[in-house]
Enquirer: 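One structure is given below, represented as structure tokens, and several questions about it will come after.
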Amino acid sequence: MSRVFSGVQPTGNIHIGNYLGALRQFVDLQDGSECIYCIVDMHAITVPQDPKELKKHILDVAALYMAIGVDPKKSIVFVQSDVKQHAELGWILNCNTYMGELSRMTQYKQKKQKSENPSVGLFDYPVLMASDILLYDTDVVPVGNDQKQHIELARDIAIRVNGKYGKTFVVPEGRFMKSGARVMSLDDPTSKMSKSNPNEKSRICLLDEPGKVKKAIMSATTDSEGVIRYSIKEKPGISNLLDIYSAFSGKSVAKIVKEYEGHGYGDFKKDLVEVVNTSLDPIRARFEEIRNSKELVEALKDGAEKASEIAERTMKRVKSNMGLGL
Ligand code: AQP
């Protein structure tokens, strides 16, 4: 059985990009694989966080995992900082990663521009991510397209360590969706939908009320051609909306384009509002119940125990192969 690992940062409200690119895969994979899903709070602190908000977001993300269908009886679900081996392996991997490799990471280059005084943690983020993945002998990492470069780095580090110290790590593979792997912002469809965009109308969050979803979609940037057709280069706004429609409805983009021949953007957007709200309704309903339940915290504690056992076995192997400790 293959082992699956992935995580989401508790840095804000989870949007449909996170869902269509990554979270949806978590549910699809949990019946045929051994799945480990983490709330990566130590990644979140690579940029400043308000402690109260961070705590709230940790539980929100955990409840959302479960509201979309992640079952803690089938999958291990836990909070990253509750398993100390992530940081321990992170240090060891730091010593097997080159400054040049991290300097080339596009996410770091983009995020450092937004920060006046970027932290060492922000620079080192991909190594902690490699540690998350390699700690669990992960075969498959379900993520959005924006994480491709980080997965490549995790693979390079695993191959390097295996070459230097003998077989220590499983070399992981990324898993990317055909539709929804890169959902773009609604206000600027040339940049990816993101939690940190100050414009709330740039994204649709899984817990947004139906009226807010409607406003965001109806005001999404399009173009003046008035024809519904797919061309990321010429029509990034409409193409992004077609991708979202396709990912939520399961219909191919070609079929949707055919259905809307002769229709204007208004009709198309109105129907998209329906499609998105119909998919989000059950998630919103389940979230409230799970978020306020005692079982949520119990499930996370149980998950952290199970994850720690696996992580400790890996750490013993890593330390033994590298000659660390007594
Ligand atoms: N726009 C997106 N389209 C598809 N997948 C996406 N992911 C993120 N944005 C999109 C995927 O969601 C998972 C969790 O992401 P994350 O929270 O760990 O990291 P992030 O990429 O930093 O998310 P944001 O929303 O973009 O946050 P900020 O605003 O803080 O930068 C990952 O699998 C990611 O690929």
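All residue numbers refer to positions in the sequence shown, counting from 1. As the structure lists them, so they are numbered: ligands from 1, and atoms in each ligand from 1.
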Enquirer: Does even one non-hydrogen atom of K111 get within less than 4.0 Å of ligand 1?
Expert: yes
Enquirer: Does a salt bridge link D31 with K74, judged by any charged N lying under 4.0 Å from a carboxylate O?
Expert: yes
Enquirer: What protein heavy atom is closest to atom 25 (O) of ligand 1, reported as residue, atom name and distance in Å?
Expert: H15 NE2, 2.7 Å
Enquirer: Is the shortest distance from a Lys or Arg side-chain nitrogen in E152 or R104 to a carboxylate oxygen in the other one below 4.0 Å?
Expert: no
Enquirer: Answer with side chain, backbone, both or neither: which part of A181 has a heavy atom less than 4.0 angstrom from an atom of ligand 1?
Expert: backbone
Enquirer: Would you mind listing which atoms of ligand 1 come within a distance below 4.0 Å of any non-hydrogen atom of V143?
Expert: 33 (O)
Enquirer: What protein heavy atom sits nearest atom 34 (C) of ligand 1, and how far off is it?
Expert: D146 OD1, 3.4 Å
Enquirer: Does V8 come within less than 4.0 angstrom of ligand 1, counting non-hydrogen atoms of the residue?
Expert: yes
Enquirer: Taking NZ, NE, NH1 and NH2 as the nitrogens, is one of them in E200 or K215 under 4.0 Å from a carboxylate oxygen of the other?
Expert: no
Enquirer: Tell me which one of G180, S196, P142, G17 gets a heavy atom nearest to atom 10 (C) of ligand 1.
Expert: G17
Enquirer: Taking 4.0 angstrom as the limit and counting only heavy atoms of G21, give me the atoms of ligand 1 inside it, by number and element.
Expert: 4 (C), 5 (N)
Enquirer: Please could you name the atoms of ligand 1 that R182 approaches to less than 4.0 Å, counting only its heavy atoms?
Expert: 3 (N), 4 (C)
Enquirer: For atom 33 (O) of ligand 1, what is the closest protein heavy atom, and at what distance to 0.1 Å?
Expert: G144 N, 3.2 Å
Enquirer: Using the ring of each side chain (for Trp, its six-membered ring), is F78 parallel, tilted or perpendicular to F5, with breaks at 30° and 60°?
Expert: tilted
Enquirer: If you have a sec, work out which protein heavy atom is nearest atom 23 (O) of ligand 1 and how many Å separate them, to one decimal?
Expert: K195 NZ, 3.5 Å
Enquirer: As an exercise, identify every atom of ligand 1 less than 4.0 angstrom from a heavy atom of V183.
Expert: 1 (N), 2 (C), 3 (N), 4 (C)
Enquirer: Among protein heavy atoms, which lies nearest atom 19 (O) of ligand 1, and at what distance?
Expert: Q9 NE2, 3.2 Å
Enquirer: Is any side-chain N of the basic residue among E305 and K301 closer than 4.0 Å to the acidic one's carboxylate O?
Expert: no
Enquirer: How far is atom 13 (C) of ligand 1 from the closest protein heavy atom, and which atom is that?
Expert: A22 CB, 3.7 Å
Enquirer: Which residue owns the protein heavy atom closest to atom 15 (O) of ligand 1, what's the atom, and how far is it?
Expert: N18 ND2, 3.4 Å
Enquirer: H43: heavy atom below 4.0 Å from ligand 1, yes or no?
Expert: no
Enquirer: Hey, is ligand 1 close enough to Y125 that some N/O pair sits below 3.5 Å?
Expert: no
Enquirer: So is G7 polar-close to ligand 1, meaning N/O to N/O under 3.5 Å?
Expert: no
Enquirer: Evaluate the side chain to side chain contact (heavy atoms under 4.5 Å, CB included) criterion for residues H86 and L135: first the C-alpha distance (whole Å), next the side-chain angles of each, then the deciding distance (0.1 Å), finally the verdict.
Expert: CA-CA 7 Å; H86 287 253; L135 200 48; 3.6 Å; yes
Enquirer: Assess whether atom NZ of K167 is packed by more than 12 heavy atoms of other residues, nucleotides or ligands within 6.0 Å.
Expert: yes
Enquirer: Return the CD to CG distance between E209 and L280, rounded to the nearest 0.5 Å.
Expert: 12.5 Å
Enquirer: Starting from atom 26 (O) of ligand 1, find the nearest protein heavy-atom neighbour and note its residue, name and distance.
Expert: K192 NZ, 2.5 Å
Enquirer: Should the ring pair Y245 and F268 be called parallel, tilted or perpendicular, given that the plane angle runs from 0 to 90° and is split at 30 and 60?
Expert: parallel
Enquirer: Among L207, L64, D60, exactly one meets side-chain contact (heavy atoms from CB on, under 4.5 Å) together with R291. Which residue is that?
Expert: D60
Enquirer: Between R24 and D28, does any NZ, NE, NH1 or NH2 come within less than 4.0 Å of an OD or OE carboxylate oxygen?
Expert: no
Enquirer: Out of all atoms in ligand 1, which are within 4.0 Å of some heavy atom of S194? Include the element for each.
Expert: 25 (O), 26 (O), 28 (P), 29 (O), 31 (O)
Enquirer: Can you tell me if NZ on K258 sees more than 12 non-hydrogen neighbours from other groups inside 6.0 Å?
Expert: no
